[in-house]
Amino acid sequence: MKHVYTVDDLRNDELPANTKLAVIGNPISHSASPQMHQAALDALKIEMTYVRIQVEPGNVAEAFQLMQEKGFLGCNVTIPHKLEAMQQCDELTDSTKALGVANTIHFKDGKIYGDSTDGPGLVKALHEELGFNVRGSRILLLGAGGGAGKAIATQLAVDGCSELYLSNRTVEKVEQLSADLAHHEATTCYSINNADIALAIIADDLDLIINATSLGMKPDDRPPYPLDALKQKHKVYDAIYNPSETVLLKVAREAGAATANGLSMLVHQGALSFETWTAQTPDTQLMKAAIL
Ligand code: NAP
């Protein structure tokens with residue numbers, strides 16, 4: 001079995017027997033999705049194989065057509081194809097329409113269905129890891145203008161958080177997002193820039209801080225939040241899972257705050273995709289162990 005397959009491999013039937021699921025992206029070799037999905041398939045004795053397929057930009061439509069011809073159930077979609085994938089779909093869930101991107105594709109009855117499971121996956125992760133309920137809460141979302149950030153912000157508004165502070169380096173992106181979310185009446189959105197002073201001022205009134213920026217992936221990244229403003233009463237979730245403890249999480253933990261990394265979001269968004277394809281509930285602890 002190869003670590004990464006190509007669209008040529010798909011076309012020429014050079015995938016392992018019973019390959020019915022995949023993750024597509026470019027690059028794709030780093031993706032942990034095959035480990036976690038294969039573990040869940042095997043545990044439920046579903047005789048299917050899940051692979052990585054490298055797809056070049058512009059080739060998503062062809063990849064989907066070939067997958068349908070080969071009897072695939074569906075696929076996950078990662079950077080940079082979430083928009084292109086959404087554009088190939090016949091049917092979209094409401095959240096996918098709102099976001100304009102899809103990370104889960106289901107081939108059924110000759111149609112292509114698109115869904116976005118990052119936001120619901122994050123909410124499940126918050127509940128599981130931090131015992132956190134979104135409804136009525138006050139949340140600061142760092143990096144709200146990025147791909148993951150928008151998905152998370154939309155879900156937090158759908159789930160009725162009361163105050164949502166949307167922070168981003170490029171503040172124009174969150175001003176637009178804030179306007180887009182204005183019809184969620186239970187949620188008041190504020191857009192703020194990512195200057196430490198602005199973040200520190202609102203810090204005291206927060207229940208939860210979520211990092212959805214990419215700051216923290218590299219050892220020399222500056223923190224996405226003023227570290228001396230972290231308090232014991234905060235809960236802190238970092239969407240990053242590699243490294244397993246970013247500087248933000250380390251300092252928050254040392255301040256006595258409850259913390260969790262993005263592994264649980266990764267697993268839960270995957271589990272929701274899995275349920276869409278198989279109508280079965282996978283063992284999320286097993287999926288997590290398979291990645292670790
Ligand atoms: P993205 O679309 O490229 O967004 C990156 C975000 O980080 C943007 O808000 C960007 O701000 C901000 N940013 C980047 N460099 C910055 C800097 N030097 N200073 C301040 N802000 C900076 O990426 P993404 O797909 O949303 O991913 C974001 C993070 O979430 C990554 O760490 C990724 O690993 C993680 N993630 C985790 C999961 C999971 O399942 N756990 C899923 C998806 C993503 P601008 O808008 O101003 O550029």
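Both counts, for ligands and for their atoms, begin at 1 and track the order of listing. Here the structure is a predicted model, which means the values were calculated and not measured.
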**Item:** Note, Ile105 side chain near Cys89 side chain (heavy atom, < 4.5 Å)
**Value:** yes
**Asked** Heavy-atom distance under 4.5 Å between the side chains of Phe274 and Thr284, does that happen here?
**Response** no
**Item:** Residues in the immediate environment of ligand 1 (any heavy atom closer than 4.0 angstrom)
**Value:** Ile79, Gly143, Gly146, Gly147, Ala148, Asn168, Arg169, Thr170, Lys173, Asn194, Ala212, Thr213, Ser214, Leu215, Met217, Arg222, Ala239, Ile240, Tyr241, Gly262, Met265, Leu266
**Message:** With ring-ring contact (aromatic ring centres under 6.0 Å, His included) as the rule and sequence neighbours excluded, what pairs involving residues 144-203 come up?
**Reply:** Tyr165-Tyr190
**Message:** My understanding is that only residues two or more places apart in sequence, or in another chain, count here; which of them pass ring pair (Phe, Tyr, Trp, His ring centres under 6.0 Å) with Phe64?
**Reply:** Phe107
**Asked** Sequence neighbours excluded, which residues qualify as side chain to side chain contact (heavy atoms under 4.5 Å, CB included) partners of Glu14?
**Response** Asp9, Asn12
**Prompt:** Taking the six-membered ring of Tyr50, is NZ or CZ of Lys20 closer than 6.0 Å to its centre and within 45° of its axis?
**Reply:** no
